[in-house]
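Once you've had a glance at the structure underneath, I'll fire off some questions.
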Amino acid sequence: MNHLIIAPVLLPLLTAILLLLGTGRPLRVQRSISFLSIIAQLGVATALLASAAGSTITVYALGNWAPPFGIVLVLDRLSALMVFVTVVLAFFSLWYAVRGNDKPADSLHSVLHFLLMGVNGAFLTGDLFNLFVFFEVLLISSYTLLLHGGGAARIKSGLHYVLLNLVGSSLFLIAAALLYGLTGTLNMADMANKVAQTTAEEAPLMNAAALLLLVVFGLKAAMVPLYFWLPRAYASASAPVAAMFCIMTKIGVYSIIRMYTLVFGDTGGAVANLAEPWLWPLSLITLGFGVAGALAARELRLQIAYLVVVSVGTMLAGIALNTEQALSATMYYLIHSTWVCSALFLLADIIVRQRGATSDRIITGPALRQPVKLGALFFIAAAAVIGMPPLSGFIGKVMLMQAATTDERTFWLWFMLLAAGFVTITALSRSGSTIFWRTENRVAKVDKADRGALLAVITMLALSLVLSFGGNAVVAYTDALAQQLKNPDIYTQAVLSHQAIPGVHHE
């Protein structure tokens with residue numbers, strides 16, 4: 001099990017290299033290699049999730065260099081859950097892609113696995129600099145994926161996406177350099193111990209470094225005022241890429257949770273919980289801007305992209321509450337929003353294909369070839385993302401509102417979540433009624449939806465029911481996860497007490 005921790009990084013890396021070396025081979029060969037790898041990764045992710053369900057935190061020291069020296073991968077409940085959510089998402093994105101979105105000459109499969117390597121590495125690493133390295137791997141992969149399929153809209157949104165993330169990467173390096181200069185380490189566990197001993201003279205610089213990191217992670221998460229790159233980038237991406245990109249904002253959310261509970265959390269000494277006063281108002285503003293964007297959107301895919309922003313604001317509000325109950329609710333909501341928003345992007349692509357030249361514009365257009373089937377799926381997806389019972393969105397929001405019962409923030413969170421739900425109902429009702437009911441007396445000359453693609457969407461939406469009816473088990477896991485996060489000493493002791501294996505030489 002100890003060596004299995006590195007598999008979510010090595011498997012996609014080796015697969016990507018193999019696919020690149022096999023460029024030009026028949027498409028079915030590329031698909032087979034890609035799918036076999038995803039299935040293997042899904043098995044690994046499931047095994048790691050089961051392993052992390054216990055109280056043990058597993059540390060993997062690359063090159064057998066004992067922490068805080070060298071590179072470590074750390075498997076706790078948070079990293080295991082994030083890897084599992086990512087691989088499940090990749091499985092369905094790939095499933096949809098092979099139903100007509102991939103071409104023999106493009107590099108979709110290889111780049112998708114490079115992206116997986118970066119994302120999984122970011123979740124598993126216990127080192128701040130290697131978090132930066134994995135960020136760069138996944139960002140370079142995402143640049144290529146964003147342009148998949150070509151088109152002026154993708155090139156334009158891709159340019160904005162690249163430029164903003166280059167700025168973010170520069171700020172990340174500056175913040176990491178500041179923290180290294182102040183603490184003498186980049187190992188997160190060791191850094192947590194050093195930050196707790198921050199002197200009054202060091203506190204201003206430590207505050208600056210910590211807040212600079214918050215800006216970086218806020219950019220990745222699409223937090224106001226750094227969210228404006230997301231809607232057009234996601235709306236213009238091809239369907240399987242947009243679905244896969246739903247995990248990208250969660251990397252920023254994950255990084256905020258990791259750094260601001262472990263390093264700058266309750267045990268952070270002079271800089272303890274310094275992000276909380278910033279996260280609370282910014283989370284509610286992000287939620288408000290996302291809802292306003294969804295209501296104002298004139299294209300279906302753009303509307304769904306703004307719903308991703310709404311989910312980011314909701315999760316950041318849970319993080320800002322800074323309690324075990326709120327963190328548990330946030331993690332449950334993270335799973336729900338990632339999978340449901342991804343399913344919406346895939347469903348939107350099927351709908352758009354049946355609207356001909358009208359595309360995804362929310363205007364009167366030709367009737368769909370399969371209005372009943374697609375309408376039913378859209379209704380279920382909309383109900384899930386809004387938070388209607390008995391679907392998982394309802395449970396996640398109720399958990400968050402129950403967590404906000406300690407101070408005056410209760411009113412604001414309840415008000416914003418309920419108002420956001422009402423406005424989202426209005427926005428999606430307008431879209432659904434326009435697309436499915438206010439149609440012209442003609443049907444576009446297009447084929448019916450591919451059965452395999454439809455099945456991928458149906459199965460993804462079914463995950464919302466799985467999260468609902470299996471809610472006790474999921475909530476038990478997220479409760480234990482939150483408890484682990486709020487006790488950072490467990491993490492630091494597990495990492496720093498890890499010893500090199502006798503008789504194994506360093507490489």
Side-chain angles (χ1 to χ4, degrees), residues 92-93 95-102 148-149 151 153-154 231-232 234-246 293-308 339-386 388 391 393 423-465:
F92 285 104
S93 298
W95 180 353
Y96 189 89
V98 300
R99 306 306 300 187
N101 284 269
D102 57 343
H148 175 255
R154 288 171 185 165
R232 283 295 172 187
Y234 281 37
S236 62
S238 64
V241 171
M244 192 63 210
F245 274 15
C246 286
L295 186 63
R298 293 295 179 265
E299 297 92 29
L300 181 60
R301 286 178 292 199
L302 184 63
Q303 188 174 68
I304 298 169
Y306 273 108
L307 293 178
V308 175
W339 289 344
V340 170
C341 287
S342 300
L344 266 171
F345 275 119
L346 299 182
L347 178 59
D349 183 63
I350 295 174
I351 293 171
V352 167
R353 289 170 183 266
Q354 295 199 9
R355 300 193 80 211
T358 309
S359 188
D360 67 338
R361 287 173 293 164
I362 306 174
I363 58 174
T364 300
L368 276 63
R369 290 288 304 275
Q370 299 165 286
V372 176
K373 187 177 294 184
L374 296 182
L377 290 174
F378 184 82
F379 177 81
I380 295 170
V385 80
I386 291 165
M388 301 292 288
L391 299 172
V423 175
T424 306
I425 288 175
T426 304
L428 292 175
S429 297
R430 183 200 70 192
S431 302
S433 60
T434 302
I435 292 171
F436 295 100
W437 290 349
R438 299 174 194 168
T439 57
E440 301 168 356
N441 292 323
R442 65 184 181 90
V443 177
K445 295 180 179 180
V446 294
D447 296 329
K448 289 185 176 181
D450 178 83
R451 289 183 179 179
L454 266 178
L455 185 58
V457 174
I458 293 168
T459 310
M460 282 209 79
L461 290 177
L463 292 177
S464 180
L465 289 173

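No experiment lies behind these values; they were computed from the predicted model shown.
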### Summary
Heavy-atom closest pair (Leu300 atom, Ala348 atom, distance to 0.1 Å) is CD2-CB, 3.9 Å
### Message
Tell me if a side-chain donor or acceptor on Arg353 pairs with a main-chain N or O of Ile350 at a distance below 3.5 Å.
### Response
no
### Message
Return the CG to CG distance between Leu346 and Leu454, rounded to the nearest 0.5 Å.
### Response
10.5 Å
#### Entry: Side-chain heavy atoms of Val385 within contact of Leu391, under 4.5 Å
no
### With Arg451 via salt bridge (Lys or Arg N to Asp or Glu O under 4.0 Å) - residues at least two apart
none
### Query
When you measure from the side chain of Gln303 to the backbone N and O of Ala297, does any donor-acceptor pair fall under 3.5 Å?
no
### Contact summary for Leu461 and Leu377, nearest pair of heavy atoms
CD1-O, 3.7 Å
#### Entry: Residue pair Tyr234 / Phe245: nearest heavy atoms and the distance that separates them
OH-O, 2.7 Å
### Ile351 vs Leu368 side-chain heavy atoms within contact, under 4.5 Å
yes
### Task
Indicate yes or no: at least one non-hydrogen side-chain atom of Leu428 is less than 4.5 angstrom from one of Leu307.
yes
### Task
Verify, without hydrogens or angle tests, whether Thr434 (side chain) and Ser431 (backbone) share a donor-acceptor contact under 3.5 angstrom.
no
### Pro366 side chain near Val443 side chain, heavy-atom distance below 4.5 Å
no
### Task
Answer yes or no: is there a side-chain heavy-atom contact under 4.5 Å between Phe345 and Cys246?
yes
### Message
For a side-chain contact (heavy atoms from CB on, under 4.5 Å) check, start with the C-alpha distance between Leu463 and Thr459, then their side-chain angles and the critical distance, and finish with the verdict.
### Response
CA-CA 7 Å; Leu463 292 177; Thr459 310; 5.6 Å; no
### Query
Between CZ of Arg298 and CG of Asp360, what distance do you get to the nearest 0.5 Å?
13.0 Å
### Query
For the residue pair Val241 and Ala237, what are the closest heavy atoms and their distance?
CG1-CB, 4.0 Å
### Message
Using modelled atom types and a 3.5 Å cut-off, is there a donor and acceptor pairing between side-chain atoms of Arg369 and backbone atoms of Val446?
### Response
yes
#### Entry: From CD1 (Ile425) to CG (Leu295), nearest 0.5 Å
12.5 Å
#### Entry: Over 12 non-hydrogen atoms of neighbours within 6.0 angstrom of CZ in Phe436
yes
### Query
Do any N or O atoms from the side chain of Gln370 and from the backbone of Lys448 form a donor-acceptor pair under 3.5 angstrom?
no
### Message
Any side-chain to backbone donor/acceptor pair from Tyr96 onto Ala456? Under 3.5 Å, distance only.
### Response
no
#### Entry: Side-chain donor/acceptor of Arg355 to backbone N/O of Arg361, under 3.5 Å
yes
### Query
Going from OG on Ser238 to CE on Met244, what distance comes out if it is rounded to the nearest 0.5 angstrom?
12.5 Å
### Summary
Rounded to the nearest 0.5 angstrom, the CD-CG distance for Gln354 and Asp349 is 10.5 Å
### Task
Please examine the side chains of Arg301 and Ser359, heavy atoms only from C-beta on, and report whether any two atoms are closer than 4.5 Å.
yes
### Query
Under the 3.5 angstrom rule, does the side chain of Glu299 hit a backbone N or O of Ala235 as a donor-acceptor pair?
no
